[in-house]
Amino acid sequence: MIVPLVYIASPSYSGSTLLTFLLNTHPAIGTVGELKWGAIDLETYRCSCGELLRECPFWATVAERMAARGLPFDLRRPATDFRCRPHRLADRLVRARVRAGLCEVLRDGLVRRLPVWRRTWPIVAAVNRALIEITLDLQRARLFVDSSKDPVRLKYLLDTGDYDVRVIHLLRDGRAVTHSSIRNKTAPADLAAREWVRTHRQIELLERRLGTGRLWRLRYEDLCAEPGATLNSVFRFLGLEPNDALAALEITPHHVLGNRMRLSNRSAVRLNEDWRSALASHHRATFDRLAGVVNRRYGYA
């Protein structure tokens with residue numbers, strides 16, 4: 001059976017966590033946020049419900065059901081990411097960014113010949129599908145949202161053939177994203193700007209594979225300015241009835257993984273534009289040189 005899947009694709013710091021919480025208010029939607037996990041410290045990491053992840057009843061039930069299916073599932077680093085750890089060269093090939101045409105055909109051909117990938121692929125695909133199915137069952141929903149953002153992960157989800165995929169291409173002014181990367185990751189401005197462009201280009205390449213009407217471009221700024229109307233446009237794109245997301249935001253059970261915002265007060269949706277005064281002029285100039293054309297194409301003056 002094909003599983004309905006909505007994938008949020010974007011660079012980091014584009015507002016995907018906020019969008020995930022708002023989408024999760026719809027009764028037809030189930031989600032646990034990002035399925036692309038890194039390593040988690042179970043002694044300190046909290047589910048968005050407030051419980052330590054290892055003590056959260058929801059996640060305990062998920063782990064039990066995964067075990068009942070005979071699938072490996074460790075909350076510290078579950079086998080949900082399409083990787084080839086610890087085979088460094090194979091992992092670099094698998095994780096290489098999405099490219100156009102022949103480059104992608106060649107990459108796929110090489111990857112399929114890797115013995116480690118042939119062993120890894122069916123397990124990772126099965127773990128992802130099982131986790132999605134279990135979440136939908138526990139949350140009594142029918143459409144799953146994966147907010148992992150990464151275009152390469154989206155490519156492999158499409159490759160499984162398990163999902164009816166629609167994509168929300170989440171946009172945010174690249175200068176705001178660059179400012180967040182500099183502040184939170186101490187990333188150089190040129191690296192942050194190039195990564196912002198690369199991520200959007202990969203999403204655009206995958207749009208061709210999705211087909212007409214399967215991708216919705218959503219601006220973070222519009223979501224914050226008019227959350228109700230913007231979300232109802234998204235719900236219509238997904239074939240769902242309108243929903244008062246803001247009213248339901250605080251009363252909806254959330255078991256979302258992601259950045260620190262998952263634990264913050266979600267009672268208000270507010271546009272943060274600190275970057276306008278905080279982004280240094282030389283960093284603005286660097287961004288404009290490397291990414292200004294793309295930023296303006298997305299409507300950011």
Salt bridge (Lys or Arg N to Asp or Glu O under 4.0 Å) between Asp150 and Arg153: does it pass, once the steps are laid out?
CA-CA 5 Å; Asp150 179 19; Arg153 174 176 171 80; over 6 Å; no
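Each of Thr252, Asp244, Asn243 was scored for a side-chain hydrogen bond (donor to acceptor under 3.5 Å, both in side chains) with Thr25, with one residue passing: Asn243. Under the side-chain hydrogen bond (donor to acceptor under 3.5 Å, both in side chains) test applied with Glu207, the options His169, Arg217, Arg214 reduce to a single match, Arg217. Put simply, the residue from Asp146, Val124, Val127 that forms a side chain to side chain contact (heavy atoms under 4.5 Å, CB included) with Thr80 is Val127.
Judged as a side chain to side chain donor-acceptor pair (under 3.5 Å), and not counting sequence neighbours, Arg99 has no contacts. For Arg270, there are no side chain to side chain donor-acceptor pair (under 3.5 Å) partners two or more places apart in sequence or in a different chain. For Glu55, there are no salt bridge (charged side-chain N to carboxylate O under 4.0 Å, His left out) partners, not counting sequence neighbours. Arg183 is linked by a salt bridge (charged side-chain N to carboxylate O under 4.0 Å, His left out) to nothing, counting only residues two or more places apart in sequence or in another chain. Applying the salt bridge (charged side-chain N to carboxylate O under 4.0 Å, His left out) test to Glu226 and every residue at least two apart in sequence or in another chain returns nothing. For Arg54, the side chain to side chain donor-acceptor pair (under 3.5 Å) test picks out Glu43, with sequence neighbours left out.
Aromatic ring centroids of His179 and His283 lie 6.0 Å or more apart. Taking the six-membered ring wherever Trp is involved, the centroid distance between the rings of Trp117 and Tyr156 falls below 6.0 Å.
By the 4.5 Å heavy-atom criterion applied to side chains, Tyr7 and Leu210 are not counted as neighbours.
In this structure, the side chain of Arg209 does not engage the main chain of Leu205 through any donor-acceptor pair within 3.5 Å. Distance alone, capped at 3.5 Å, places no donor-acceptor pair between the Ser14 side chain and the Ser10 backbone.
No cation-pi contact links Arg65 to Phe73, judged by a cut-off of 6.0 Å to the six-membered ring centre and 45° from its axis.
No side-chain N or O of Ser281 forms a donor-acceptor pair with one of Arg284 less than 3.5 Å apart.
In this structure, Phe82 and Trp121 have tilted ring planes: the angle between them lies in the 30° to 60° band.
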